[in-house]
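Inspection log for the structure reproduced underneath, given as structure tokens.
Sequential numbering from 1 along the given sequence is applied to the chain's residues. In this text, all values refer to a predicted model and were calculated from it rather than measured experimentally.
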Amino acid sequence: MHKQFKRAAVVATAVVAGTLGAMAPQAAAATHAGPADRTDDVGIMGGCVGPWGWVCGGVENDTDRHMKYTANLRYDGSSCRVWYWADDNDKPRDASCDPEEKLAPGDDAGGFGSDKDVDAFTFTGTGYYVSVYGNAPEWVDKGVWTKIQTIDVASCAEYANYDAPVCDVDTFV
């Protein structure tokens with residue numbers, strides 16, 4: 001099932017490009033000014049975008065470890081610490097990740113065509129690495145969540161040369 005994101009992205013590339021191009025003014029206007037900010041770079045947190053709502057954030061757990069994710073991230077609480085790589089200060093801040101949903105090893109949630117938009121994820125009991133759009137992986141401490149954009153999918157796996165899981169965040173990987 002994990003490869004459905006890849007196949008669907010190839011089939012819909014032209015449609016997505018047209019849709020995202022039409023949303024460019026909205027994306028350019030998005031800011032991350034403070035706790036009241038409820039937008040990500042493409043759309044409202046907690047919702048899929050596109051003509052039929054088929055562009056959704058997702059997470060794939062190709063590890064032997066348990067993960068958690070939320071489809072309801074809000075910056076009006078303090079149930080979790082969230083790191084968002086696109087924020088100017090690049091430091092975790094308080095947020096609400098309720099409800100937290102479990103993601104078993106080998107499972108996935110949200111993503112292209114799923115009608116479920118994953119907003120953030122973390123691992124249970126360990127830190128992890130995150131590589132955003134092919135950049136060098138950055139360490140994320142245990143208990144800190146990583147926010148993803150509505151158009152992104154985080155594919156998490158374990159590699160022999162890393163001591164913790166590595167999540168590659170990319171647009172429809």
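Applying the side chain to side chain contact (heavy atoms under 4.5 Å, CB included) criterion to Thr70, with sequence neighbours excluded, gives Asn72, Leu73, Cys97, Ala120, Trp145. A search for side chain to side chain contact (heavy atoms under 4.5 Å, CB included) contacts involving Ser131 returns Pro137, Asp168, not counting sequence neighbours.
Taking hydrophobic clusters as Ile, Leu, Val, Met, Phe, Trp and Tyr residues chained together by side-chain heavy-atom distances below 4.5 Å, Tyr133 shares a cluster with Val118.
Rounding to the nearest 0.5 Å gives a distance of 9.0 Å between NZ of Lys68 and NZ of Lys102. Atom CD1 of Ile151 is separated from atom CG of Asp170 by 9.5 Å, given to the nearest 0.5 angstrom. Remark: Thr171 OG1 to Gln149 CD distance equals 7.0 Å, nearest 0.5 Å. For the atom pair CG of Asp108 and CG of Asp62, the computed distance is 8.0 Å after rounding to the nearest 0.5 Å. In this structure, Asp119 CG and Cys56 SG are separated by 10.5 Å, a value rounded to the nearest 0.5 Å.
Asp117 places a side-chain N or O within 3.5 Å of a backbone atom of Gly57 that can act as its donor or acceptor partner. Of the possible polar contacts, none joining the Arg74 side chain to the Ser96 backbone as a donor-acceptor pair under 3.5 Å is found. The main-chain N or O of Asp107 is never found under 3.5 Å from a side-chain atom of Asn61 such that the two would form a donor-acceptor pair. No donor-acceptor pair closer than 3.5 Å links the side chain of Glu101 to the backbone N or O of Ala71.
Summarising the local packing, CG of Asp141 is surrounded by more than 12 heavy atoms from other residues, nucleotides or ligands at distances under 6.0 Å.
Using the six-membered ring where Trp is involved, Phe121 and Tyr128 have ring planes that are tilted, between 30° and 60° apart.
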**Step-by-step side chain to side chain contact (heavy atoms under 4.5 Å, CB included) determination, Asp163 to Tyr129** = CA-CA 9 Å; Asp163 59 348; Tyr129 294 92; 3.2 Å; yes
**Request:** Please assess Tyr75 against Lys147 for the test side-chain hydrogen bond (donor to acceptor under 3.5 Å, both in side chains), listing each intermediate value before the final yes or no.
**Result:** CA-CA 11 Å; Tyr75 289 120; Lys147 184 200 175 312; 5.7 Å; no
